[in-house]
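Notes for the one structure printed next.
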Amino acid sequence: MSSLRIGIDVGGTNTDAVAVDSTGTVLSSHKAATTPEVFDGIRAALAEVLADVDRADVGQVMLGTTHPVNALIRRKDLARVGILRIAAPATLSISPLAGWPRDLADAVRGHVEIIRGGHEYEGTEINPLDEEAVRRFAEACRGQVDAIALTGVTSPANPDHEVRAAALVHEVLGEDFPVTMGHEVGGLGLLERENSAILNGALRFVGEGIVSGLEQALASHQLQAGIYLTQNDGTLLSAAEAMRRPILTIGSGPTNSMRGAAYLSGLSDAIVMDVGGTSADVGLLVDGFPRTSAMAVEIGGVRTNYRMPDLISIGLGGGTIVRTDPELSIGPDSVGYRLTREGLIFGGDTVTLSDLSVRAGRASMGDPTRVASLPQSVVDAGMAWVDDRIQVLTDRIKAARVDMPLIAVGGGAHLVPEEIPGVSKVVRHEHSAVANAIGAAIAEASGSIDRAYRFGDSSREACLDEAKQAATEAAVRAGADPAKVRITTVNEIPMAYMPGDCARVQVKAVGPLLDQN
């Protein structure tokens, strides 16, 4: 019976892996240094957790990875994208890729056109789709681009023109040619949605490489299991969907930690402080899921309307370098995955925050005798620096001046003090160091909807019911058990500047995988 799940999360410093059973009980866990060749680290982590379980019982493997965001930041392995905007003549004044960093735009820009078509906010057609222009665009892209991004005006309200344009592109270039439709990867807001679609197309090779690498890692351990990748809202994408929409996985790391923190602590509303080897991320749990940022999100210097967790990050981690000459200086650089070689407590010669933490009695690891000679004044000043920044982070992330519990997770969670002003209690768990991998292992499938409705056409209740049904159907298509899907989020944002009692409606549905035991 395939009743076990393996969750893997690849961070900049560590690769964590866990095996959990059908009840969510952690059977095995392992934390290893992330390797320069990432999948070597994944194979090693898999070997450790599989040594404690029967591999025949493993039914699913869930992976959270920084591959996509690293590719965009480093401008590596990016595909060239043909860009078609279905929005003429209203949007001709601003061209696609406007506002992009020049080096990134040059790396991904293929053939670009803006043609007639698109819809009003409530879904009625502005202009008929110029089908001949779509065909000419596709022919111009032949042999020149690796992927195509299609974006129509208000396509979340009515995606018909994007769907038809995609069909025409496939007629010209073949059914297997990768096409991203804007309504599948972004919300309302033409330019931001277009940016998300272009970035998704640019990550085509990265998405394929992630899935292929994970398949090979599983094959090396004779594992036959379903493959899923975690996305930025803490839910899952199948391997096929992850290859088609890799942009959706770009913020999965911090989210995995937050979902794992909620699961381990049993708290649904709390601050989560995830301290790794290089950085500390703080976010807020609301009803068990990360609070979503209300601001536009920049990915690799590109403005998108992609829904990301509301996080604050600073350079503070277990591997953060501490200098004492000529005066105390901490970070922001870190030894990262080299901590177990270069930190004092592990036999190295670099002073890190982990060394100070061991000397201060907050952590127990490595060889404490190697830090016994650190001056107490340096230890006190360093830990005071840590405490001050952690307090500032917790104050900034809270929505109101009320004391809240804080869940400390990550390999550097030992840096979090037991008492923090404005925090009712600090919660720790024996598996908190691998909370990110646990968050991946216990993740569910989801579906969401983000579109404008005119309540005057029917009723507010009917529109909300329609949105909930659409989100539920999307969750089922993603693999959720239809009998166990639940609505987790319903947001209504009035659009007072539009006629007819209009509102932007955002709904999210979540459910366990259908084949979960």
Please check if the side chain of [X] supplies one atom and the backbone of [Y] the other of a donor-acceptor pair under 3.5 Å.
X	Y	result
E162	G182	yes
Y263	M258	no
D355	L344	yes
D274	S257	no
S432	H429	yes
S196	E192	yes
S265	A261	yes
R5	A441	yes
R204	M243	no
S334	G319	yes

Any chance the side chains of [X] and [Y] put a donor and an acceptor closer than 3.5 Å?
X	Y	answer
D9	N436	yes
T180	E184	no
Q231	T249	no
S28	D52	yes
T304	N195	no
D287	S268	no

Rounded to the nearest 0.5 Å, what's the gap from [atom1] on [X] to [atom2] on [Y]? Could you check?
X	Y	atom1	atom2	answer
T65	I42	OG1	CD1	6.0 Å
L353	L356	CG	CG	6.0 Å
I250	T255	CD1	OG1	12.0 Å
M365	S354	CE	OG	4.5 Å
M404	T394	CE	OG1	10.5 Å
F39	I210	CZ	CD1	6.5 Å

Which residues pass the salt bridge (Lys or Arg N to Asp or Glu O under 4.0 Å) test with [X], not counting sequence neighbours?
X	value
E418	R428
R55	none
R338	E342

Flag side-chain contact, heavy atom, 4.5 Å: [X] against [Y]:
X	Y	value
L104	V302	yes
R389	Q391	no
K468	V490	yes
M181	R245	no
H170	V179	yes
L199	V185	no
L50	V58	yes
L464	E492	yes

Minimum heavy-atom separation for [X] to [Y], with atom names?
X	Y	value
G41	T15	O-CG2, 4.1 Å
A71	V206	CB-CG2, 3.7 Å
L264	A435	CD1-CB, 4.1 Å
R486	P512	NH1-CD, 4.5 Å
S29	V434	CB-CG2, 4.0 Å
A509	I487	CB-CD1, 3.8 Å

Candidate pair S155 and R193, rule side-chain contact (heavy atoms from CB on, under 4.5 Å), full reasoning: CA-CA 9 Å; S155 58; R193 184 170 66 257; 3.0 Å; yes
Evaluate R80 against D146 for salt bridge (Lys or Arg N to Asp or Glu O under 4.0 Å), listing each step before the verdict. CA-CA 5 Å; R80 193 161 293 277; D146 306 301; 5.9 Å; no
Taking it one step at a time, do I227 and E215 satisfy side-chain contact (heavy atoms from CB on, under 4.5 Å)? CA-CA 8 Å; I227 294 176; E215 288 175 340; 3.4 Å; yes
Start with the C-alpha gap between V18 and I6, add the side-chain angles, then the distance that decides, and say whether side-chain contact (heavy atoms from CB on, under 4.5 Å) holds. CA-CA 6 Å; V18 300; I6 290 179; over 6 Å; no
Apply the side chain to side chain contact (heavy atoms under 4.5 Å, CB included) test between V423 and each candidate in D395, L406, V416; give the one that qualifies. L406
When you measure from the centre of the six-membered ring of F346, is the NZ or CZ of R341 closer than 6.0 Å and no more than 45° off the axis? no
Under the 6.0 Å and 45° cation-pi test, does K508 pair with F289? yes
Could you walk me through whether T278 and V335 satisfy the side-chain contact (heavy atoms from CB on, under 4.5 Å) test, starting with their C-alpha distance in whole Å, then the side-chain angles of each, then the deciding distance to 0.1 Å, before giving a yes or no? CA-CA 8 Å; T278 303; V335 295; over 6 Å; no
Below 4.0 angstrom, N of the basic side chain to O of the carboxylate: do [X] and [Y] qualify?
X	Y	answer
E48	R43	no
D310	R291	yes
D387	R362	yes

Does D349, at its CG atom, have more than 12 non-hydrogen atoms belonging to other residues, nucleotides or ligands within less than 6.0 Å? no
